[in-house]
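The basis for the numbers below is simple: all heavy atoms, side chains too, and nothing from hydrogens, waters or symmetry mates. So you know, we letter chains A, B, ... as the sequences are listed, proteins then strands, and number each from 1. Treat the numbers as computed from the prediction; the structure is a model and nothing was measured.
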Amino acid sequence: MSDETSTAEVTGKKSRNFIEEAIDQDLREGRYKEVVTRFPPEPNGFLHVGHAKSIILNSGIAKEYGGTFHMRFDDTNPTKEKSEFMDSIVEDVKWLGADFGGKIYYASDYFDKMYECAVLLIKKGLAYASDLSADQIRETRGTLTEAGTNDPNRERPVDESLQIFSDMKAGKYNDGEMVLRAKIDMASPNINMRDPILYRVAHIPHARTGDKWCIYPMYDFAHPIEDAIEGISHSLCTLEFEDHRPLYDWVVNNTDWENPPRQIEFAKMYLKNIVTGKRYIKKLVENGIVDGWDDPRIVSIAGLRRRGFTPESIRKFVELSGISKSNAVSDYAMLEYCIREDLKSQAPRIFAVLDPVKLVIDNYPEGQTEELLVQNNVENPGMGSRKVPFSRELYIEREDFMEVPPAKYRRLYPGNEVRLMNAYYVTCTSCEKDADGHVTLIHCTYDPATRGGDSPDGRKVKGTIHWVEAGSAIPVKARLYENIVDEEKGVYDENGELNLNPNSMTVMNAYVEPSLSEAKVYDRFQFVRNGFFVVDSKDSAPGSPVFNRIVSLKSSYKLPTQA
RNA sequence: UGGGCCUUCGCCAAGCGGUAAGGCACAGGAUUUUGAUUCCUGCAUUCGCCGGUUCGAAUCCGGCAGGCCCAGCCA
């Protein structure tokens, strides 16, 4: 049932995006009988939110039209690819819930067919072998405003190109000595059409084909063929490939496919003030600012997962952001909204005091402990009811007490009465401070008649604060994150150095209520007032679990001192 | 500068010649044993700019401006 939900949401949308409209038309006109899409990452790094958009779009379109979605590695360049990325990529795609039927496709499986296609192009007089150097090819390509000049090899006889191409495959040429070029138009205003290189020589073993090949196809040649072989109907990619579409079509139209695929481009997604650049993140990793590509502060899929985002929240985010052709920079607030929306109805509640200060109830019997029923999830009682111990000494949040309160402050201050959530009304009597003036202990008295948090005489209290019983509380580390870098403040400083922000994580020595152990079946909790947390599956150690804060709850009252 | 694409509220984004949807954010108010949630309410006389066509234009035409992408034997 939950599986059907996303489909219903997609098909139930009032307006269709431009990709859906194009597909609708193709289907209506009988151009394709079924919809087949694909996600074709190069295995050269970790997936980030931008990839999530592509994964969710492509798999979502396939599902919406009752078609098929392919997971394919575009592993055509062994010099840049590492097979160790493949596992994490597949894991991320699965985690996001994209259904690729368990089958993984590899571009490298098509090398034979691609070779055949290249031979076909040569035979048609549409490709030729060239011995120009990389420099010469660049120099004769022309510029943005000037046409290129023809390759001296351009009119090489078909038989000769065929022989050279065969020799290239046989390893008779060194890297860079020979390439296969398409014969299109050196004067084309579209630089991609100026006799693009189809094959290059690279004597590098491939992770999957070993040393079978020493020539590898270029993206512009390989990709359309990969799509055509797999019967992809709609090849959805990002905007920077718009200029490549004429070439995509050229390849597919000249290599004899009965029903060639169609490329449609959409805009990438960026997050405002969030740095996603690989180069920058690499620097953060290398400098030990973060502990890897899955650090919760990084918006990689793995990082978001560790931070506590759910697949549903990311899908919701992509859906909410929409698909268009304009460069979109989404607010991080939208992502936070999505995770709040997903979690608020299903996350179990738990008390946690992040920045503890001790509270002693002077008129509470020494040595006495009682169990109180705590139920602070009104909408979903099953998710928040548990028994929590209570005694004379508690921890409360440091910010929940102020010796000299600002206006409108409604929590604890000398002389004020507040409710300890689900426990008792307490009135602050005094506080103790150390030499530096930091509050070390807060004294109060309680009203035994207010057990459970209601007063029989009906008197109201302005504030309600959460607490944890000092003797039984479990010490935990709570990590609060700032988003890595604010681009408005500058990724680079005035010296041109990367501006690394080492203060992006704060570790708090926090306490949570002992019922944590019972609630542990869930990995996400809503902590009272402080937001949503997740137990970090990677860093959590027995005895002192590590919590990552996913997102703060909204707060309409900020302390004046925080401004 | 040649080519391609883009430009609707702070951010996404509908709109496809008939007189500016929605979401996020924000701001008020109500309810609240989480300053959360929920619940109402408000939030573009205007669609990058200038002209034109039309009874009527964000939508069509012309011009201009701004942004992004392309000169890898990367993808």
Side-chain angles (χ1 to χ4, degrees), chain A residues 13-17 21 40-42 44 74 76-77 79-81 130 132-134 137-139 141-148 175-181 188-194 196-202 215-216 218-220 222-223 237-246 265 267-269 272 317 319-338 340 344-345 349 351 374-379 384 408-411 419-423 425 452-454 461-466 526-531 552-559:
Chain A
K13 270 190 305 190
K14 22 350 199 151
S15 63
R16 328 249 316 136
N17 65 46
E21 283 177 0
E42 181 185 27
N44 69 349
D74 208 0
T76 56
N77 184 1
T79 67
K80 298 219 169 178
E81 291 146 14
S130 169
L132 253 38
S133 71
I137 285 181
R138 182 174 2 93
E139 283 157 14
R141 185 150 35 218
T143 67
L144 295 178
T145 52
E146 301 164 277
D175 293 8
E177 279 184 350
M178 195 65 78
V179 292
L180 186 73
R181 297 185 79 174
S188 172
N190 181 348
I191 293 180
N192 297 296
M193 299 298 270
R194 317 238 262 231
I197 292 168
L198 267 23
Y199 265 92
R200 78 283 216 177
V201 177
I215 57 172
Y216 294 95
M218 298 288 290
Y219 167 85
D220 281 316
H223 206 88
C237 64
T238 45
L239 246 29
E240 69 266 29
F241 292 104
E242 258 175 327
D243 287 342
H244 296 245
R245 192 170 63 229
E265 311 84 10
K268 277 183 177 174
M269 178 171 60
K272 194 176 184 182
F317 176 61
E319 185 187 312
L320 239 44
S321 299
I323 307 295
S324 74
K325 295 192 73 164
S326 60
N327 279 57
V329 183
S330 297
D331 273 347
Y332 193 82
M334 188 125 69
L335 222 201
E336 295 191 318
Y337 163 79
C338 290
R340 258 190 261 119
K344 68 188 177 194
S345 63
R349 269 57 165 177
F351 284 162
V374 171
Q375 180 168 335
N376 56 355
N377 185 342
V378 180
E379 303 86 49
K408 292 192 210 163
Y409 188 76
R410 52 201 217 208
R411 279 112 87 178
R419 170 166 40 227
L420 292 175
M421 191 182 284
N422 287 290
Y425 281 14
D454 273 317
V461 101
K462 279 184 300 180
T464 299
I465 66 176
H466 56 98
Q526 186 187 114
F527 283 30
V528 171
R529 198 170 64 243
N530 296 301
S552 298
L553 263 23
K554 287 202 270 189
S555 154
S556 59
Y557 176 75
K558 300 262 193 298
L559 290 177

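Under the Watson-Crick and G-U wobble criteria, each requiring two contacts below 3.5 Å, nucleotide B:U53 is left unpaired. Checking B:C9 for Watson-Crick or G-U wobble geometry (two distances, each under 3.5 Å) identifies no partner in any strand. In this structure B:G48 sits in a base pair with B:C64, meeting the Watson-Crick or G-U test at under 3.5 Å. Here B:C26 sits opposite B:G42 as a Watson-Crick or G-U wobble pair (both hydrogen-bonding atom distances under 3.5 Å). Within the shown strands, nothing qualifies as a pairing partner of B:U31 under the Watson-Crick or G-U definition with both distances less than 3.5 Å.
Every residue meeting the ring-ring contact (aromatic ring centres under 6.0 Å, His included) condition with A:Phe241, not counting sequence neighbours, appears here in chain and number order: A:Tyr219, A:His244. Here A:Met178 pairs with A:Ala129, A:Asp131, A:Ile164, A:Met168, A:Tyr173 under the side chain to side chain contact (heavy atoms under 4.5 Å, CB included) rule; sequence neighbours left out. Partners of A:Glu139 under the side chain to side chain contact (heavy atoms under 4.5 Å, CB included) rule, at least two apart in sequence or in another chain, are A:Asp135. Taking A:His466 as the reference, nothing meets the ring-ring contact (aromatic ring centres under 6.0 Å, His included) condition, with sequence neighbours excluded. With sequence neighbours excluded, the residues that form a side chain to side chain contact (heavy atoms under 4.5 Å, CB included) with A:Ser324 are A:Ser326. Taking A:Lys325 as the reference, A:Phe18, A:Leu239, A:Glu242, A:Glu265 meet the side chain to side chain contact (heavy atoms under 4.5 Å, CB included) condition, with sequence neighbours excluded. Residues that satisfy the ring-ring contact (aromatic ring centres under 6.0 Å, His included) test with A:Tyr199, not counting sequence neighbours, are A:Phe165, A:Phe221. Legend: residues meeting salt bridge (charged side-chain N to carboxylate O under 4.0 Å, His left out) with A:Arg181, ordered by chain and number and at least two apart, are A:Asp151.
Between A:Arg141 and B:C73, a side-chain N or O to OP1/OP2 separation shorter than 4.0 Å is present. One finds a side-chain N or O of A:Lys344 lying less than 4.0 angstrom from the OP1 or OP2 phosphate oxygen of B:U38. Between B:C74 and A:Arg200, a contact under 4.0 Å exists linking OP1 or OP2 to a side-chain N or O. OP1 or OP2 of B:A71 has not a single side-chain nitrogen or oxygen of A:Arg138 nearer than 4.0 Å.
Side-chain N/O atoms of A:Asn190 and A:Ser188 include no donor and acceptor closer than 3.5 Å.
Judged by distance alone, with hydrogens and angles left aside, the side-chain atoms of A:Glu21 form no donor-acceptor pair with the main-chain N or O of A:Asn17 at under 3.5 Å.
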Identify all side-chain donor-acceptor contacts of residues 327-337 of chain A below 3.5 Å with residues at least two apart in sequence or on another chain.
none

*Sugar-phosphate or base contact per nucleotide [nucleotides 1-9 of chain B; S, B, -; heavy atom under 4.0 Å]*: BBBSSS---

*Quick one: what's the B/S/- string for nucleotides 25-30 of chain B, heavy-atom cutoff under 4.0 Å, read 5' to 3'?*
S-----

What are the atom names and distances for every N/O pair under 3.5 Å that joins the protein to nucleotides 18-20 of chain B?
none

